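By convention here, the first residue in the shown sequence is residue 1. Because the structure is predicted, anything quoted here is derived from the model rather than measured.
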Amino acid sequence: MTEAEFFHHLDSPVLVSLEKKVNRLVEKRKAGWPVAYLLGKKEFWSLEFKVNRWVLIPRPETELLVEAVLSLSLSPGPAILDVGTGCGNIAVALANERPDARVIGSDISRLALKVAEFNAKKNKVKNIKFVLSNLLTYFWRRKIKFEVIVSNPPYVSEADWAKLDRPVKDFEPKKALVSGPTGLEIIEKLIKQAPGCLKPGGYLILEIGAGQEGKVPGFFSDIWQKVRVLSDYSGRPRLVIARKRS
């Protein structure tokens, strides 16, 4: 029911089944459930995405990743990989904006990939597919290379996870949030694996956590150039962008 339909039927009696459903949702919300999981959807990049407890809820600040990729001077028909795609929000947004691109979303979770595939169909993007992979293993073994690898990886430390707000800690998938004791484990692995899956001159773009901007650039070897940190609109360091040497 749309908002207009709802107000048009304000005088209509409420079905008992609907009243029970609303009461169940209210009780879940009081118990800490995130609104997005209760509604089963979340907007990202002006697109609507199905979400459930198998995937992280997309955050507005992650749209900066999409902006960063779109700002690159890429050749026509670029191959773009979104690692840890979750509900597919980054991959679908990029495929929608660049219909000439060949976009792949990968994840270690089959359940997450099912959600991502649903969202690609929901948003009617055709130039996209999804692959089960532990980080870049699938692509490295098959010698598949990309112009851009983008990722919003797990970057929360175990200690910081314990301090997260209850709706995040108790309901969103821990594996999609927590990297390990330091929070840098997955980021470091991605940086080490990426050269084998990037074409010369290709880009790696990663979202990072608070306070990591001083450590992450140190993970890049001399095979990389133009390593830089990009802040979000609130001034918080949010992305690390690097280019593989030609």
Side-chain angles (χ1 to χ4, degrees), residues 36 40-72 74-140 142 144-155 172-173 175-177 186-187 189-190 193-194 197-199 202-208 230 238-241:
K41 61 184 179 180
K42 180 69 175 180
E43 184 181 286
F44 180 88
W45 201 256
S46 298
L47 301 171
E48 186 175 282
F49 291 85
K50 171 186 175 180
V51 292
N52 58 27
R53 292 191 66 185
W54 301 117
V55 297
L56 285 182
I57 299 168
R59 269 64 170 179
E61 57 268 23
T62 299
E63 292 186 352
L64 193 62
L65 274 175
V66 179
E67 290 183 17
V69 175
L70 295 177
S71 71
L72 301 175
L74 302 176
S75 58
I80 301 173
L81 173 63
D82 172 31
V83 181
T85 195
C87 73
N89 55 304
I90 296 169
V92 170
L94 289 170
N96 185 65
E97 291 288 338
R98 288 290 304 257
D100 65 314
R102 293 168 291 123
V103 180
I104 296 179
S106 70
D107 207 288
I108 197 172
S109 167
R110 293 183 186 274
L111 294 170
L113 289 175
K114 287 183 178 180
V115 178
E117 288 169 352
F118 176 91
N119 284 322
K121 292 177 182 177
K122 176 183 177 68
N123 287 288
K124 300 178 181 179
V125 292
K126 305 293 185 182
N127 55 323
I128 191 170
K129 69 175 184 177
F130 297 96
V131 172
L132 183 72
S133 180
N134 183 355
L135 298 182
L136 297 173
T137 303
Y138 176 95
F139 309 99
W140 177 78
R142 290 162 178 79
I144 302 172
K145 295 183 183 293
F146 300 87
E147 275 82 15
V148 181
I149 297 175
V150 61
S151 182
N152 178 17
Y155 53 68
E172 298 198 57
K175 285 185 177 180
L177 289 164
I186 300 298
I187 288 176
K189 286 180 182 178
L190 269 174
Q193 292 180 3
C197 297
L198 277 174
K199 296 178 181 180
Y203 293 88
L204 176 65
I205 306 178
L206 303 173
E207 183 167 334
I208 61 173
L230 184 66
R238 177 70 60 179
L239 305 183
V240 171
I241 303 175

Indicate yes or no for a side-chain donor-acceptor contact from Asp107 to the backbone of Gly86 under 3.5 Å, with no hydrogens or angles considered. yes

Which value, rounded to the nearest 0.5 Å, describes the distance between Phe49 atom CZ and Asn119 atom CG? 6.0 Å

Do the side chains of Trp45 and Glu97 get nearer than 4.5 Å, heavy atoms only? yes

Which pair of heavy atoms, one from Leu239 and one from Glu207, lies closest together, and at what distance? CD2-CA, 3.8 Å

Nearest heavy-atom neighbours spanning Pro78 and Ser75: CD-O, 3.2 Å

Separation of Ile205 CD1 from Ser71 OG (nearest 0.5 Å): 6.5 Å

Quick one: does any side-chain atom of Ser133 pair with a main-chain N or O of Tyr138 as donor and acceptor, under 3.5 Å? yes

Can any side-chain N or O of Asn52 pair as donor or acceptor with the backbone N or O of Val115 at less than 3.5 Å? no

So the salt bridge (charged side-chain N to carboxylate O under 4.0 Å, His left out) pairs with at least one residue in residues 45-65 (sequence neighbours excluded) are Lys41-Glu48, Glu48-Lys122, Arg59-Glu172

I need the Ile90 CD1 to Phe44 CZ distance, nearest 0.5 Å. 5.5 Å

Indicate every side-chain donor-acceptor pair of residues 144-153 with a distance under 3.5 Å to a residue at least two apart or in another chain.
from	atom 1	to	atom 2	distance (Å)
Lys145	NZ	Gly196	O	3.0
Glu147	OE1	Ala79	N	2.6
Glu147	OE2	Lys199	NZ	2.9
Ser151	OG	Val83	O	2.9

Nearest-0.5 Å distance, OG1 of residue Thr62 to CG of residue Leu56: 9.0 Å

Under the side-chain contact (heavy atoms from CB on, under 4.5 Å) test against Ser106, which residue among Leu136, Leu132, Leu81, Thr85 passes? Leu81

Stepwise side chain to side chain contact (heavy atoms under 4.5 Å, CB included) test for Leu111 and Val55: CA-CA 8 Å; Leu111 294 170; Val55 297; over 6 Å; no

As an exercise, state the distance from CG of Leu47 to NZ of Lys124, rounded to the nearest 0.5 Å. 12.0 Å

Is the closest side-chain heavy-atom distance between Phe139 and Ile104 below 4.5 Å? yes

Among Trp54, Phe118, Phe130, which one satisfies side-chain contact (heavy atoms from CB on, under 4.5 Å) with Leu113? Phe130

Kindly give the heavy-atom pair with the smallest separation between Val51 and Ala36, and that separation in Å. CG2-O, 3.5 Å

Could you give the distance from CG (Asp100) to CG (Asn127), rounded to the nearest 0.5 Å? 8.0 Å

Full working for side chain to side chain contact (heavy atoms under 4.5 Å, CB included) between Arg98 and Leu74: CA-CA 11 Å; Arg98 288 290 304 257; Leu74 302 176; 4.1 Å; yes

How about Asp82 and Val103: do any of their side-chain heavy atoms sit closer than 4.5 Å? no

